[in-house]
Protein chains: 2
Amino acid sequence: MSSVEARNRRRRATVKDVALEAGVSRGTVSRVLNGQPYVSEDARTAIDAAIAKVGFIPNRAARSLVLQRSQAIGLIVHEPHSLFVEDPNIGSILMGANAALSEADYQMSTLIADTPRDVDRLARYLSGGLIDGVIIVSARVGDPITEAVARLDLPATFVGRPRDIGSAASVAIDNRDSARRITNRLLATGRRRVGMIAAALDRDSGADRLAGFVDAVGGRFDAELVERVPLYSYSDGQRGMRTLLARCPDVDGIFASSDAVAAGAMDVLQSEGRRIPDDVGIVGFDDSSWAMRCDPPLSTVHQPATELGRAAAESVLRQLRGVSDESEGRQLECPIVWRGSA
Amino acid sequence: MSSVEARNRRRRATVKDVALEAGVSRGTVSRVLNGQPYVSEDARTAIDAAIAKVGFIPNRAARSLVLQRSQAIGLIVHEPHSLFVEDPNIGSILMGANAALSEADYQMSTLIADTPRDVDRLARYLSGGLIDGVIIVSARVGDPITEAVARLDLPATFVGRPRDIGSAASVAIDNRDSARRITNRLLATGRRRVGMIAAALDRDSGADRLAGFVDAVGGRFDAELVERVPLYSYSDGQRGMRTLLARCPDVDGIFASSDAVAAGAMDVLQSEGRRIPDDVGIVGFDDSSWAMRCDPPLSTVHQPATELGRAAAESVLRQLRGVSDESEGRQLECPIVWRGSA
DNA sequence: CTGAAAGCGCTAACAG
DNA sequence: CTGTTAGCGCTTTCAG
């Protein structure tokens, strides 16, 4: 039966049906629908009853068409499979953005760009008037999505700040400064041979974290002590640590590009018999669920992921209201969380 | 400048503009837009040129309105904050569904229902004609979203199968059978006192996993050996294990409701000096990233999350095409992955 | 092969 | 306070 019903779904009631039923005009129905003043009590009650009786539900496509807005904001996540599933921050960014949009009565629609085909379809979708603005998470430099959004000149705010977004609004963290601060903190514990496992150098975040590390070690910099790995992942952390340890057995401090990397590194260090933090101090980046699961718990940089999402949402909303958006290039604070690993 | 531009965005070109520019009628423009036959070569080239010249982008709201479909599918995740961020399966379900929908040229729009307010807005949004069908992840019994979808009679497929969805389509795993199988495997290693840390009993998945465990132990069932905890989380795994260990120090096998729970339990067991798998064998459920991070790696039930997403997407698509949906109540296989923890 | 015209469902002036 | 009237941008008969 379900399939038959699905075929010929009964025609939905429209404002016209409601008007007929209530014995008023469509205009009046529209007025009560939009909570406008100047509607008699009688008309209002008649219409409310009619709405309930015919089971009227407004059609948003029609509404968007005439109003030229949809009361929906897209949140675009441009990530290949794996990262989306693994990145602990994305979920928090989503929740933060959703909370802010929800308060403003906007529907958030998360759109995933996984394959090139997705990117194309997405570009078409965005142009459709079904979405009033977008939040873009993890765009890369030269991203086709960025271009599409610019072309459509759709109100947009980036989470993170790729170099090529011009004067577009963004909210981000200062990866370089945060990396510098936590490295300094690690150095302050008296370590002499501090290395780094530097992941994701093809992204701004990865490159900036390395730059911050270099800033901090300053004159003591030794290229031997930096091991580069492709991803912010546990297994790359293991791999990187093994290589680094083989090359520099005297290393006594590690700054890992992310908590997952740190966790991998820590497991390798411990299985090689190094005590943490006694023999080697280690710090990470993200303050994700990995951090608390480490033993000892990881000292790390806290990323305010929920706040990033919320701030990005507020920024798009501001653009929608036509307020000049002060948050262009806004940066959020990243407190250092000092635990037992260094 | 960006804010000024954002205010008076230039009016977008419409079919009318294209028609004028190409010197044809709107009807003809529409025909080439939809790749219909019976358009002269001349008209076609003129129109293509005009489209490029005026920068025409079709308005999907208008299109949806007349076509009564939007070529978009909603994927609804109904979870309070924390779980969305933590549940490793959700990300994979998303990717699987997105892949299938993308192939069929549908846009997937992920909608989060976090607060009651979200649920309301969502119900309105769904009714709007902006979405042709929905995939619903992690609905609970008595879920208002379920009711809204039923009322709208929107093509829908559930991932998981709450008791109250009637004859609606769903794709799920057999939690009970899988739990039974892995418990049996654990029992087959010769354990005499096998307990369970049973999480999330308010959900079908949690209750079914416990039922499967009970099936497997059969006559040897001892209520003392079952510890109930609220969430599928690492910390509840720790808490549950501590309590269980205090009550039954002779326990020599553990079935944990999820990998995260197992990880927590394992850490407690080891810090209490129990060797795994020598003293205690432990198995989990999910085959998530937790499993490989355990030491020794966790034996567990593999959840085919990506396939669940894909199958759900295909099911909605089938309903949209009006094909009777054979997948109503479909179940996917969960292979057991045996590693070193038992 | 193509133009004209009607209409999807809704809102927003504009007269009453 | 309310009805009438025009569209929003697109597709789709129906005549040519």
Side-chain angles (χ1 to χ4, degrees), chain A residues 9-48 50-51 54-72 124-125 127-132 152, chain B residues 9-48 50-51 54-72 124-125 127-132 152:
Chain A
R9 313 234 291 280
R10 66 187 178 291
R11 194 181 65 79
R12 289 253 173 81
T14 73
V15 269
K16 197 171 176 180
D17 301 320
V18 175
L20 236 52
E21 179 69 32
V24 298
S25 77
R26 300 169 343 178
T28 308
V29 175
S30 177
R31 275 181 282 260
V32 325
L33 249 30
N34 297 289
Q36 284 172 25
Y38 304 121
V39 180
S40 71
E41 212 38 63
D42 283 4
R44 201 177 291 275
T45 49
I47 289 169
D48 283 344
I51 286 176
V54 304
F56 169 76
I57 300 169
N59 179 316
R60 308 200 35 134
R63 200 158 204 274
S64 305
L65 181 57
V66 49
L67 257 28
Q68 304 285 29
R69 63 187 161 73
S70 63
Q71 206 73 356
R124 274 181 284 138
Y125 184 76
S127 62
L130 263 38
I131 272 198
D132 297 339
L152 296 168
Chain B
R9 309 235 291 282
R10 67 186 178 291
R11 195 181 64 79
R12 289 255 174 79
T14 74
V15 270
K16 196 171 176 180
D17 301 319
V18 175
L20 236 52
E21 179 67 34
V24 298
S25 77
R26 303 175 338 191
T28 307
V29 174
S30 178
R31 260 161 247 156
V32 325
L33 248 30
N34 297 290
Q36 283 172 25
Y38 303 120
V39 179
S40 70
E41 210 39 61
D42 283 3
R44 199 177 293 274
T45 47
I47 290 168
D48 284 344
I51 288 176
V54 303
F56 169 76
I57 300 170
N59 179 315
R60 306 195 43 129
R63 201 158 204 273
S64 303
L65 181 57
V66 48
L67 258 27
Q68 305 284 28
R69 64 189 158 71
S70 63
Q71 205 75 355
R124 273 181 285 137
Y125 184 75
S127 62
L130 264 37
I131 272 199
D132 296 338
L152 296 168

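Chain naming here is simple, since letters A, B, ... match the order of the sequence lines and numbering starts at 1 in each. All values derive from a computational prediction rather than experimental measurement.
When distances run from any side-chain atom of B:Arg31 to the nucleotides C:dT2, D:dC10, C:dA13, the shortest one goes to C:dT2. When distances are taken from the side chain of A:Leu33 to each of C:dT11, D:dT13, C:dC14, the shortest belongs to C:dT11. Closest to the side chain of A:Arg26, out of D:dC8, D:dG7, C:dA6, is D:dG7. Taking the side chain of B:Ser30 as heavy atoms from C-beta on, and the options D:dC10, C:dC10, D:dT12, the nearest nucleotide is D:dT12. Picking from D:dG9, C:dG3, D:dG3 the nucleotide with the shortest atom distance to the side chain of A:Leu65 gives D:dG9. Checking C:dC8, D:dT2, D:dG7 against every side-chain atom of B:Val66, the shortest atom distance belongs to C:dC8. Comparing D:dG9, D:dC1, C:dT11 by their closest approach to the side chain of A:Leu67 singles out C:dT11.
Close to C:dC10, at under 4.0 Å from its OP1 or OP2, lies no side-chain N or O of A:Arg60. In this structure, A:Thr28 reaches the D:dG3 phosphate: one of its side-chain N or O atoms is under 4.0 Å from OP1 or OP2. Distances shown here put every side-chain N or O of A:Gln68 at or beyond 4.0 Å from the OP1 or OP2 atom of C:dT11. For D:dC8, the OP1/OP2 oxygens have no side-chain nitrogen or oxygen of B:Asn59 closer than 4.0 Å. Listed pair A:Gln36 / C:dT11 fails the phosphate criterion, with no side-chain N or O lying under 4.0 Å from OP1 or OP2. Side-chain nitrogen and oxygen atoms of B:Ser25 include at least one within less than 4.0 Å of the OP1 or OP2 phosphate oxygen of C:dG3. Residue B:Ser40 places at least one side-chain N or O under 4.0 Å from the OP1 or OP2 atom of C:dT2.
The OH-P distance, from B:Tyr38 to D:dC14, rounds to 16 Å in whole Å. In this structure, A:Lys16 atom NZ and D:dT4 atom P are separated by 12 Å, rounded to whole Å. What separates CD1 of A:Ile51 from P of C:dC10 is a distance of 10 Å, to the nearest Å. Rounded to whole Å, the distance from CG on A:Leu130 to P on D:dC10 is 13 Å. In this structure, CZ of B:Arg63 is placed 14 Å from C1' of C:dC8, rounded to the nearest angstrom. In this structure, B:Asp17 places its CG atom 9 Å from P of D:dG9, rounding to the nearest Å. Distance B:Arg69 CZ to D:dT11 P: 10 Å, rounded to the nearest Å. Between the CG atom of B:Asn34 and the P atom of D:dT12 there is a distance of 6 Å, given to the nearest Å.
Across all their heavy atoms, A:Gln36 and A:Arg44 have their closest contact at O-NH2, 3.5 Å.
Across the helix from C:dC1-D:dG16 to C:dG16-D:dC1, the helix axis at one end is tilted relative to the axis at the other end by 40° (nearest 10 degrees, each axis from five pairs).
Heavy atoms of A:Pro37 sit nowhere under 4.0 angstrom from any nucleic acid atom. Residue B:Ala61 is out of contact with every strand shown, counting any heavy-atom pair closer than 4.0 Å. Among the heavy atoms of the strands lying under 4.0 Å from A:Val24 are primed sugar atoms or P, OP1, OP2 only; no base atom is included.
In this structure a side-chain-to-backbone donor-acceptor pair under 3.5 Å is present from A:Arg60 to A:Ser70.
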Working for side-chain contact (heavy atoms from CB on, under 4.5 Å), residues B:Asn59 and B:Thr14: CA-CA 8 Å; B:Asn59 179 315; B:Thr14 74; over 6 Å; no

* Where do A:Phe56 and A:Leu33 land on the side-chain contact (heavy atoms from CB on, under 4.5 Å) test, with the steps shown first? -> CA-CA 11 Å; A:Phe56 169 76; A:Leu33 249 30; 3.7 Å; yes

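At least one side-chain heavy atom of B:Asn34 sits less than 4.5 Å from a side-chain heavy atom of B:Arg63. Looking only at side-chain heavy atoms (C-beta outward), A:Arg12 and A:Asp17 stay at 4.5 Å or farther from each other.
We find the OG-CG distance between A:Ser64 and A:Asp132 to be 7.5 Å, quoted to the nearest 0.5 Å. For the atom pair OG of B:Ser40 and CD1 of B:Ile47, the computed distance is 8.0 Å after rounding to the nearest 0.5 Å. Remark: B:Arg124 CZ to A:Ile57 CD1 distance equals 12.0 Å, nearest 0.5 Å.
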